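Values below: all heavy atoms of this structure, side chains included; hydrogens, waters and symmetry mates excluded. To find a chain, count down the sequence lines: A is the first, B the second, and so on, and within it residues start at 1. If you're wondering where the values come from, they're calculated on a predicted model, not measured in any experiment.
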Amino acid sequence: MNVLVLFAHPLADSYGRAIFDQVMSSLDGDNHDVRSHDLWRENFDPVLSAVEKRNHFAAPETKTANDPLLATHVADLEWCEAIVFVYPSWWSAPPAIMKGWFDRVLMQGVAWTFPEGASRLHAGLARVRRLVAVTTYGSSRWVNALEGEPGKATIRRGLRVLCNPRCRSSWIAHYGVDRATHEARSDFLAKLPRRLHRALH
Amino acid sequence: MRVLVIHSHPVTDSFSGALRDSAIEGARAAGHDVRVLDLGAMSFNPVMSAEELRGYKAVTPVANEDLTVHIDAVRWADVLVFVYPTWWSALPAQLKGWLERVMRPGVAFVFDEDNKVRPGLRQVRRIVGITTYGSKWPYVKLMKDSGRRTLLRALKLNTSWRTRSKWIALYGIDGASEEKRTHFLAEVRRSMEKL
């Protein structure tokens with residue numbers, strides 16, 4: 001399977017980075033074709049510009065012509081059959097740098113179209129059959145349920161409707177990581193390959 | 001009351017900019033003190049740096065120089081008004097990053113001795129969201145309205161139990177007539193007058 005991995009964490013020695021490394025090695029072990037983006041390392045700019053906003057309904061090339069990194073993101077999105085998001089949940093949702101990937105890369109003509117007379121967006125990512133999020137939360141599962149899991153809704157609903165109608169989404173989460181023991185963290189890492197294998201099966 | 005308007009949109013003369021102006025006019029007409037943070041015009045950088053995250057939980061946080069004006073404004077305010085377009089059912093990345101960088105420990109919350117988050121915005125009496133959605137109301141609800149949840153649940157958990165919230169939204173803006181838009185601007189102004 002063609003798997004696109006999107007990773008967000010600013011620190012190279014973090015638990016988030018360890019999770020990303022584990023994701024990459026388990027995908028490799030399962031013989032997937034993998035492309036990945038470390039959004040912090042590549043200095044991805046998450047802010048949709050005024051020019052991009054004005055060209056909201058224009059052809060993708062008008063936005064990617066002078067932005068090679070954005071062009072690569074678009075090409076990788078068109079190539080992939082599965083997307084794996086790896087990030088720490090901040091305010092119960094992906095960090096701004098990853099929200100910006102949604103705002104900028106999920107553009108008209110790539111992720112969706114809006115035909116004349118339509119009442120809502122038409123899906124453009126028919127190739128995508130699997131969505132997976134691997135994420136950590138500082139606070140408990142209970143607190144996040146109370147907050148309504150906005151990040152989960154954006155991926156499993158907002159993005160999911162743009163994908164293949166039979167697309168399956170999986171949520172692999174470590175709650176309460178701020179207060180987790182070293183054993184709990186290691187255990188999550190150890191079980192990750194199996195869970196990822198099942199999610200992409 | 002002391003009203004802080006936080007606006008995020010890349011184009012200054014957009015409909016979102018008109019909403020910002022209506023909100024400000026309404027609040028001023030009612031005699032409130034108003035401060036504005038226009039994140040687009042300020043080119044606010046929403047990306048937390050590695051250094052900033054390393055100092056996140058420190059007693060004296062390594063807050064970058066460019067955050068000072070934002071932190072001061074939050075500490076000054078007793079009404080927080082967010083004005084933005086909803087994208088992918090959530091806040092634009094720039095506004096999401098504002099929450100991450102400005103609503104930090106010592107400002108929006110504190111960590112107690114068990115490393116649990118405790119509220120730090122008890123002085124805030126109102127949270128107001130003013131936003132536009134491309135989709136119509138039923139579809140927004142089906143998508144679970146992430147942006148509203150972020151502000152009226154996740155952020156609100158850091159305020160006092162007496163803090164009230166208000167949501168003023170225009171649904172289906174993609175197909176909305178000029179008349180509907182004008183009507184919504186007036187509604188925003190009226191709501192802000194009645195804070």
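For A/W79, the CH2 atom sits in a packed shell: over 12 heavy atoms of surrounding residues, nucleotides or ligands are nearer than 6.0 Å.
Heavy-atom distances place the side chain of B/L157, and not its backbone, under 4.5 Å from chain A. Using a 4.5 Å cut-off between heavy atoms, B/L91 contacts chain A through its backbone alone, with no side-chain atom that close. Both the backbone and the side chain of B/D114 come within less than 4.5 Å of a heavy atom of chain A. Neither the backbone nor the side chain of A/I155 comes within less than 4.5 Å of any heavy atom of chain B. For B/S89, the part lying near chain A is the side chain, with the backbone staying farther off; criterion is any non-hydrogen pair under 4.5 Å. Using a 4.5 Å cut-off between heavy atoms, A/D13 touches chain B through its side chain atoms alone. Only the side chain of A/R54 comes within contact range of chain B, with at least one heavy atom under 4.5 Å from a heavy atom of that chain. Interface residue A/L106: backbone and side-chain heavy atoms are both found under 4.5 Å from chain B.
Residues B/H9 and A/K53 have side chains in contact (heavy-atom distance under 4.5 Å, counting atoms from C-beta outward).
Side-chain atoms of B/W88 come within 3.5 Å of backbone atoms of A/F102 as a donor-acceptor pair (strictly under, hydrogens ignored). Between the side chain of A/R179 and the backbone N or O of B/K116 there is no donor-acceptor pair closer than 3.5 Å.
With chain A as partner, the option from B/N115, B/L152, B/V11 having the largest number of non-hydrogen pairs under 4.5 angstrom is B/N115. Put simply, of A/S92, A/S49, A/P95, the one with the most heavy-atom pairs under 4.5 Å next to chain B is A/P95. With respect to chain B, the highest number of heavy-atom pairs below 4.5 Å among A/T154, A/V51, A/V47 belongs to A/T154.
The shortest heavy-atom contact between B/M48 and A/W40 is O-NE1, 2.9 Å.
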